[in-house]
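Position 1 is the first residue of the sequence, and the numbers go up from there. Read the numbers this way: they start at 1 and go in the same order the structure lists the ligands and their atoms. Heavy-atom basis, side chains included; hydrogens, waters and symmetry copies ignored.
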Amino acid sequence: MFKGLLFSKALAVGIGVVTASAVCSMVAMVVIYQIEMSNDPPRRPPTPPATTPFPSGPPPNLRLPDTLVPQMYKLYLQPHFHVQVTNITNQTFAFTGNSTVIFKCVKNTNRIFLHSKDLNVTEYRVSDGRNTELRGKLSLTMGSSNFMEIELDGVLKAGETYTLFTAFEGELKDDMTGFYKSKYTVDGEDRFLATTQMQPTDARRVFPCFDEPAMKAVFNVTIIHRDGTTALSNSNRKGHIEITIDGETWLVTEFNPTHKMSTYLLAFTVSEFKRIPALGNSQIRTWARPEAISAGQADYAQKTAESILPAFEELYDIKYPLSKLEQIAIPDFSAGGMENWGLISYREGALLYEEGVSSTANMEWIARVISHELAHQWFGNLVTMKWWNDLWLNEGFATYISYIGIDSVHPEWKISDRFVLYETQPALQVDSLATSRPLSPRAEDVQTPANITQQFDQITYSKGASILRMLSIYLKDTVFQKGIKTYLKAYQYSNTEAADFWRHLQEALGPADINVAQVMKTWTQQMGYPLITINTKTGDVSQQHFLLNQTSTRNFVWYVPVLMLKSGSNEPDYKFDPVTEKGPVRRPEYRTEEDQWLLANVYYTGYYRVNYDQGNWEKLLKQLNMNPQEIPVINRGQLIDDAFNLARAHHVNTTLALNTTKFLYNETELIPWEFGLRNLKYFILMFDRSEVYGPMKAYMRKQVTPLYTHFKNYTDNSTVPEDHAEQYNQINAISVACANELPECQNMASAFFKGWMDDPEKNAIQSNLKSAIYCSAIAVGGEKEWDFAWEAYINATIASEKDKLRYGMSCSRNIWILNRYLTYTLDPSKIRKMDFVSTVNYIAANVAGQSLAWEFVQSHWTYIIQEYGGGIMPLGNLIDGVTERFSSELELKQLKQFQKDHGPDSFGSATQALEQAIERTGANIKWVKENKQTVLDWFQREPADK
Ligand SMILES: *[C@@H]1O[C@H](CO)[C@@H](O)[C@H](O)[C@H]1NC(C)=O
Ligand SMILES: *[C@@H]1O[C@H](CO)[C@@H](O)[C@H](O)[C@H]1NC(C)=O
Ligand SMILES: *[C@@H]1O[C@H](CO)[C@@H](O)[C@H](O)[C@H]1NC(C)=O
Ligand SMILES: *[C@@H]1O[C@H](CO)[C@@H](O)[C@H](O)[C@H]1NC(C)=O
Ligand SMILES: *[C@@H]1O[C@H](CO)[C@@H](O)[C@H](O)[C@H]1NC(C)=O
Ligand SMILES: [Zn+2]
């Protein structure tokens with residue numbers, strides 16, 4: 001699954017922060033794990049020998065017992081809905097079905113456990129190999145196990161094969177999980193479709209099944225659907241007949257048997273969608289609403305998939321295992337994309353692209369999501385993790401590999417340069433909290449569906465990808481890729497854990513001093529990451545656990561590959577020099593000459609932060625201000641990022657951090673700017689309601705003016721810089737300049753917007769700049785501008801344009817307009833449910849909307865939990881978003897009151913987020929107290945606009 005959403009480039013009116021994918025960081029923090037690396041993780045005591053030939057009572061935990069292994073399912077599904085409601089149809093969203101599962105018994109037992117949820121099971125029948133029926137009693141377990149249990153009168157014998165038949169009924173809801181309905185309009189009329197999202201634990205809501213990733217089986221699927229619709233599933237259609245039921249025509253579509261696969265990868269859709277005529281590769285097909293297909297919006301996705309798939313076949317050295325690969329754009333979809341084997345589903349914004357309407361960021365996002373989902377067709381689908389605690393083996397890999405896929409189609413994008421922006425830095429950010437978790441927790445700590453859902457977080461995706469990148473550079477790409485190939489071959493159609501991958505890498509490496517498993521254990525089993533401290537005078541190096549709140553650091557040690565560079569030497573020392581002890585250890589190579597600086601973590605390939613002695617910091621700052629080109633561009637950003645984080649953790653002064661932003665005045669590259677803006681965003685959130693904001697805004701305006709001028713010709717003439725990163729930095733220039741009230745910028749934005757309002761048929765705003773320009777024009781505009789944008793939002797025919805307008809409308813400064821906008825989010829015909837959280841968060845990010853959004857969430861909490869509490873909607877993000885600015889005692893009190901008013905059990909998947917918000921608010925209050933005067937003085941000292 002691709003979890004991140006593309007939020008519009010500029011996140012706050014206060015500052016154009018930025019992130020092409022300010023990821024839905026479902027910072028779902030679990031328990032705090034205490035793993036001492038000197039000891040192995042604690043083991044559970046062995047189960048006492050059973051006194052009966054088969055265990056009785058429910059399984060000891062929420063996992064299926066190891067008695068039965070499914071082999072093959074025969075599944076019939078019949079959704080009864082009509083695509084279109086007329087005066088003679090009675091719309092219904094019921095579905096009926098039946099399933100026959102053939103399973104093998106591997107240990108004697110008298111009970112069958114499988115999963116079922118929200119289904120009415122109307123019939124069941126167990127029979128043995130000779131088709132003799134076995135009598136038994138069915139019951140459903142209460143609570144979060146979702147077990148359906150059949151207690152048999154007789155015993156199932158090890159080695160024998162049995163079948164279980166179930167017939168069932170369910171309902172297509174609009175909750176974007178299981179088998180669900182989605183809606184769109186054609187000429188003002190509603191149209192419906194049915195689609196699925198099984199990952200992680202919702203196949204059990206479609207049919208009773210052994211719903212665990214290691215319970216792989218073959219699926220024969222038949223779908224009975226209304227005339228005029230098309231049914232799709234993981235494999236190709238085998239046959240297709242017409243039948244009549246109660247005088248109505250239905251189609252019976254039977255699909256070929258799938259390969260052996262996990263339940264969470266199943267997919268079915270029934271719709272009136274069309275596909276684009278096959279271009280080069282007829283094995284790949286892309287489906288969407290008929291209007292989107294005829295507008296050519298799926299062409300880019302088709303072309304991209306056609307190019308990336310062969311690149312992965314070569315990288316993995318295994319042909320794509322299925323006979324077809326379909327992609328489909330779903331109007332209501334909670335994630336970005338889902339890698340269902342052979343039938344990948346996407347939200348529309350992650351698949352549909354229209355030249356001249358969608359932006360470069362939209363195109364890049366589409367390529368990223370496609371590449372990620374295609375990477376899964378091997379990593380995840382062909383070879384699957386044994387259990388969800390190793391989810392990072394799926395998601396970290398797909399994320400890491402997706403960059404290789406994108407590079408193969410768009411080398412000119414230099415996407416790998418931005419890996420640190422999209423992955424490493426966001427992961428380091430959440431991993432520096434005391435509530436972080438190990439990348440690979442123990443299996444017994446990941447049990448309930450809620451535990452499992454919480455694994456889909458920034459740690460799994462971005463930390464997973466970052467440590468793989470670090471490892472592949474450390475071992476060298478060729479070794480890494482050789483290991484991938486042998487690993488995939490060895491485990492195809494089965495399941496693995498991390499140790500299996502390390503073993504294959506070790507073999508690929510050949511004789512060497514490196515013990516891959518030992519090295520990687522320090523990164524996967526401990527939460528957090530190290531801070532490396534280098535004293536360039538003495539050469540002393542040490543490491544410690546880095547946390548923003550230092551009081552909770554642990555006594556961890558990591559195996560840290562250090563790549564370093566000294567001034568005066570042209571080439572960085574490519575030799576990795578691992579720091580493996582806590583230290584300090586004295587290493588002469590870390591000592592520098594009088595005028596020489598040392599830079600560690602060159603190219604930001606390592607997953608850690610670096611601190612130096614004051615003298616070295618000063619030399620680096622001097623270099624940045626005099627001749628920044630001497631420092632690699634990624635490290636110009638990394639130095640800012642490290643300095644700000646070290647300051648928040650009290651390792652260096654806040655003024656040192658602020659000083660690292662001075663050179664931005666002369667900087668035109670994306671990465672340093674991006675890191676500068678991300679880090680200053682915290683200052684803006686803390687101070688944009690205080691007297692610090694005036695001088696800070698003046699400083700920002702001064703810093704950004706040369707950058708704005710750098711892009712002026714492009715901006716004014718609506719032309720596009722050639723370089724991809726330049727295009728992003730142009731957006732930074734405009735959103736930061738306009739947000740900080742550079743008159744030239746605001747006038748430019750308003751003039752472009754007025755031009756569009758004067759001629760609504762012709763939107764001449766360069767598509768990359770739309771978000772920034774809409775935002776600025778609506779911020780300085782009034783009701784007229786907002787209503788025009790709303791009209792355009794309603795009429796837009798492509799999701800990416802709707803997203804930009806939806807963001808732009810959140811920038812209004814009018815309280816009543818923002819309040820009206822908030823009420824629109826309660827009406828799914830205005831704002832889709834999948835966009836609820838991000839819309840409220842956009843409004844909360846606007847300083848004028850902050851308190852409105854918070855009041856809104858408080859007063860509608862019961863409704864919000866009822867509508868969004870169940871599925872995988874990131875409610876934690878909502879709490880994060882509306883409390884992000886909290887830094888006063890009053891706000892802390894309100895938060896605690898909110899928690900008290902609703903009681904501890906009414907926050908669902910946002911429980912942790914609420915606790916973190918309280919903790920964060922406390923920390924913010926403290927930070928503001930300590931730093932306000934220093935920060936005010938610093939900004940006042942800085943000369944304002946020239
Ligand atoms: C599934 O389909 C295959 C091929 O059509 C057939 O051989 C097999 O028996 C079917 N399995 C079940 C359980 O119906
Ligand atoms: C149903 O709608 C059609 C036009 O779409 C109309 O001709 C017909 O009279 C309507 N029938 C009823 C029962 O309203
Ligand atoms: C629709 O439902 C009504 C009431 O249940 C029933 O009388 C009518 O026959 C149904 N119409 C169709 C077309 O099924
Ligand atoms: C399962 O459902 C299909 C389609 O409705 C039906 O044809 C078949 O008879 C059902 N199987 C059993 C055993 O009832
Ligand atoms: C399940 O059965 C109950 C009770 O008969 C009924 O109210 C409910 O609508 C049924 N649910 C579905 C999905 O058919
Ligand atoms: Zn994924």
At what distance is the nearest protein heavy atom to [atom], and which residue and atom is it?
atom: atom 2 (O) of ligand 4; result: N98 ND2, 2.2 Å
atom: atom 7 (O) of ligand 4; result: Y76 CE2, 4.8 Å
atom: atom 5 (O) of ligand 4; result: I224 CD1, 3.8 Å
atom: atom 4 (C) of ligand 5; result: N120 ND2, 4.6 Å

Does an N or O from E169, backbone or side chain, lie closer than 3.5 Å to an N or O of ligand 5?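 Checking ligand 5 against E169, an N or O pair does fall under 3.5 Å apart.
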Under 3.5 Å side-chain donor-acceptor pair for [X] and [Y]:
X: T100; Y: Y76; value: no
X: Y180; Y: Q197; value: no
X: K216; Y: T384; value: yes

Under 30°, 30 to 60°, or over 60°: which ring-plane class applies to Y863 and H860, parallel, tilted or perpendicular?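 If you compare the ring of Y863 with that of H860, the planes turn out perpendicular.
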Using the six-membered ring wherever Trp is involved, compare the ring planes of W341 and Y493 and label them parallel, tilted or perpendicular (cut-offs 30° and 60°). tilted
Report, in ascending order of atom number, the atoms of ligand 4 lying under 4.0 Å from any heavy atom of F165.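 Ligand 4 atoms under the 4.0 Å threshold to F165: 12 (C), 13 (C), 14 (O).
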Out of all atoms in ligand 1, which are within 4.0 Å of some heavy atom of K238? Include the element for each.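 Reading through ligand 1 atom by atom, the close ones are 4 (C), 5 (O).
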At a 4.0 Å threshold, what atoms of ligand 1 neighbour a non-hydrogen atom of P257?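 Near P257, the atoms of ligand 1 are 2 (O), 3 (C), 4 (C).
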Which option out of V221, T222, N220 puts a heavy atom nearest to atom 6 (C) of ligand 1?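 Residue with the shortest heavy-atom distance to the ligand atom: N220.
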Indicate yes or no: does an N/O atom of Y73 lie under 3.5 Å from an N/O atom of ligand 1?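 For ligand 1, there is no N or O atom that lies under 3.5 Å from one belonging to Y73.
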Is_contact(atom 14 (O) of ligand 1), protein non-hydrogen, under 4.0 Å: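 Within 4.0 Å of atom 14 (O) of ligand 1, protein heavy atoms are found.
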Does the protein come close to atom 9 (O) of ligand 5 - that is, does one of its heavy atoms sit below 4.0 Å from that atom? no
Lys/Arg-Asp/Glu bridge criterion (N-O < 4.0 Å) met for R832, D827: no
Pair R205 + D118, salt bridge at N-O below 4.0 Å: yes
If you measure from each heavy atom of A94 to ligand 5, is any distance below 4.0 Å? no
Any donor and acceptor pair, going by atom type alone, linking the side chain of K489 with main-chain N or O of D317 inside 3.5 Å? yes
Aromatic centroids of F81 and F95 separated by under 6.0 Å: no
